[in-house]
Amino acid sequence: MGTTVLAGALVLFALLVPNRLERLGPEAFFRLPAEGILLAGLLLAVPPRSRRLMSVAAGALLGLLTVLKFVDMGFYSVLARPFDLVLDWILLDDAAEFVRESFGRTGQVLAVVGVIVLIVAVLALMTLATVRVTNLMVGHRAVATRTTLILGTAWITCMTLGIQIAGVPLATKGNADFVNNRIEQVQAGLKDGRVFEKQAAVDAFAKTPPDQLLTGLRGKDVLFTFIESYGRVAIDDPAMAPQIDSVLKEGTNSLKAAGFQSRSAWLKSPVTGAGSWLAHSTFLSGLWIKNQQRYRSLTTSDRATLGSYFRKTGAWRTVGIVPGVRRAWPEGKFFALDHIYDSEHLGYNGPYFSWTPVPDQFSLEAFQRLEHGKKNRDPIMAEIILASSHNPWSPIARMTDWDELGDGSVFNQIKKEGTDPKEVWKDPERVRTEYRHAIEYSLHSLTEWVERYGTDDTVLVFLGDHQPVPTVTAGSTSKDVPVTIVARDPKVLDKIADWNWTDGLKPAENAPTWGMDRFRDRFMTAYGPRGD
């Protein structure tokens with residue numbers, strides 16, 4: 001009897017479990033599932049020979065749906081969206097790599113083994129449970145038939161009257177809707193390649209002669225800097241706003257004292273929670289890169305990026321500071337970078353900070369040492385990735401004397417004094433606090449570098465790549481990130497006066513909001529002949 005009750009509860013769980021953690025409350029399981037009632041009726045009606053095959057197939061299908069719902073829970077928790085059955089398989093490998101880099105090889109192996117065991121267990125137990133419940137119904141056919149008819153009538157009544165419990169409809173067809181949404185998602189994913197191909201064929205600057213490109217920036221060092229996970233929540237959330245506002249005001253004032261002016265606004269990222277490379281490629285290519293399929297199509301095409309156009313002029317040396325890259329990165333050639341400095345080539349001999357291989361302050365100092373500080377050099381266009389604010393935000397580096405950075409060994413003690421990610425992630429509020437500290441560190445690193453090393457020819461464009469994970473955004477669906485342009489030469493900011501951006505490092509709440517894919521063409525127009 002206990003096993004039978006457990007089997008029934010397992011089948012009911014599979015029919016009613018939602019695919020998002022925030023909906024996983026008691027009210028979710030006090031509902032009438034249309035699919036369960038229909039399945040019971042079919043199993044009672046079919047001949048005995050077909051019944052067993054149908055019950056096994058139904059159990060396996062319920063198991064697969066349950067696994068997919070569990071995967072959705074993970075994707076919603078990190079990316080604020082469901083798993084894409086066409087486009088997201090490659091991200092599972094990235095997830096395993098992230099676990100390894102954050103919690104070590106042992107943590108990765110345990111996590112992967114645990115996931116595999118869970119999937120096999122769910123499929124097997126769900127099939128066995130469905131077969132056992134089917135046998136129970138057949139053994140008590142009269143009672144099962146009456147019960148099915150009563151539940152069917154109750155479902156129709158509740159659906160017609162819209163009866164709810166704690167705001168949740170009592171009658172549900174959630175699994176049917178879930179499957180239908182997945183079918184539509186697959187169809188859209190299969191069509192997306194053709195849609196993207198047409199969009200990528202349009203480039204307003206493809207035929208512009210090199211001597212007419214970026215004329216308003218000739219002789220300047222142009223630095224495009226991405227701050228990992230620097231999203232709108234850092235500025236708007238009441239729990240973080242006071243501290244971040246203080247950092248931004250301090251940065252605005254100190255830069256002004258050093259002769260720099262700044263303008264800020266908002267960009268809408270194609271991703272949230274993770275997927276930085278999709279945001280970077282969107283910003284640089286002027287195309288909406290919302291999934292891995294588009295990214296692969298882009299990086300194997302001849303589409304010109306901001307880096308391509310800077311290189312095409314022959315007036316800039318293009319370099320990349322990419323501390324998050326720790327293995328071969330063939331896509332780097334696509335972004336038209338003359339030289340790439342990854343985590344192994346920045347001269348850093350300090351410790352990792354969870355996922356982050358190199359602290360931001362050291363990355364920027366390395367850029368100064370390796371490129372920006374050289375004498376008699378050509379102007380530089382640099383793509384700089386600041387990774388210290390990457391999830392899991394524990395432990396976090398802190399600012400130290402620039403003259404004492406050395407080879408990074410100074411960070412060994414700083415890491416020892418930091419927090420433990422396993423402890424931090426037990427409490428969502430601690431996660432949010434550590435995220436704020438990480439953003440503060442990245443902003444301090446960048447603004448202090450400009451004060452220390454910026455010149456009349458420095459033009460800094462910095463922005464967030466995406467919002468952080470939902471644990472930090474606390475329900476916000478916004479994909480907005482701040483973007484700022486900093487320069488000492490007033491002519492640089494005069495060229496974007498009609499953009500109506502906010503003075504300073506902090507964008508106003510009502511500052512313009514553009515899709516991140518629109519920045520490339522607007523930037524090139526403002527600093528091309530038409531903007532002169």
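This structure is a prediction, so every number in the text was calculated from the model and none was measured.
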Scanning both residues in full, the closest heavy-atom pair of I235 with P507 reads CD1-CD, 3.9 Å

Please confirm whether F83 and W89 have ring centers closer than 6.0 angstrom. yes

Do F224 and F462 make the cut of ring centroids closer than 6.0 angstrom? no

Identify whether NZ of Lys or CZ of Arg in R232 sits under 6.0 Å from the centre of the six-membered ring of W266 and within 45° of that ring's axis. yes

D237 and R432 ion-paired at < 4.0 Å: yes

Does the pair R430/E434 count as a salt bridge with the N-to-O cut at 4.0 Å? no

Please give me the minimum heavy-atom distance between T300 and S297, naming the atom from each residue. OG1-O, 3.3 Å

4.5 Å side-chain heavy-atom contact, L16 and E35: no

Would you mind reporting whether K173 and D177 have side-chain heavy atoms less than 4.5 Å apart? yes

Start with the C-alpha gap between D84 and R182, add the side-chain angles, then the distance that decides, and say whether salt bridge (Lys or Arg N to Asp or Glu O under 4.0 Å) holds. CA-CA 8 Å; D84 191 310; R182 278 303 191 275; over 6 Å; no

Compare every heavy atom of S394 with every heavy atom of D420, then report the nearest pair and how far apart it is. C-OG, 3.3 Å

Ring geometry between H390 and W355 (parallel below 30°, tilted from 30 to 60°, perpendicular above 60°): parallel

Which of these, F75, Y76, F70, sits in a side chain to side chain contact (heavy atoms under 4.5 Å, CB included) with M73? F70

Under the side chain to side chain donor-acceptor pair (under 3.5 Å) definition, can you give me all pairs with a residue in residues 10-28, not counting sequence neighbours? N19-D72, R20-E22

Just verifying a value: how many Å separate S281 OG and I289 CD1, rounded to the nearest 0.5 Å? 5.0 Å

Shortest non-hydrogen pair, P421 vs P395, comes out as CD-CD, 4.2 Å

For I340 and G332, work out which heavy atoms get closest and say how close. CD1-CA, 3.8 Å

Hey, mind stepping through R398 and E417 against salt bridge (Lys or Arg N to Asp or Glu O under 4.0 Å) and telling me if it holds? CA-CA 10 Å; R398 67 168 185 266; E417 297 169 356; 2.8 Å; yes

Are the side chains of L346 and S363 in touch, meaning some heavy atoms are under 4.5 Å apart? yes

Shortest non-hydrogen contact from Q467 to S478? NE2-O, 3.2 Å

Looking at CE of M516 and CG of L287, how far apart are the two atoms once the value is rounded to the nearest 0.5 Å? 14.0 Å

Is the shortest side-chain heavy-atom distance between W288 and F196 below 4.5 Å? no

CA sep, side-chain torsions, deciding dist, call: V131, R52, side chain to side chain contact (heavy atoms under 4.5 Å, CB included): CA-CA 7 Å; V131 171; R52 183 169 184 82; 3.7 Å; yes

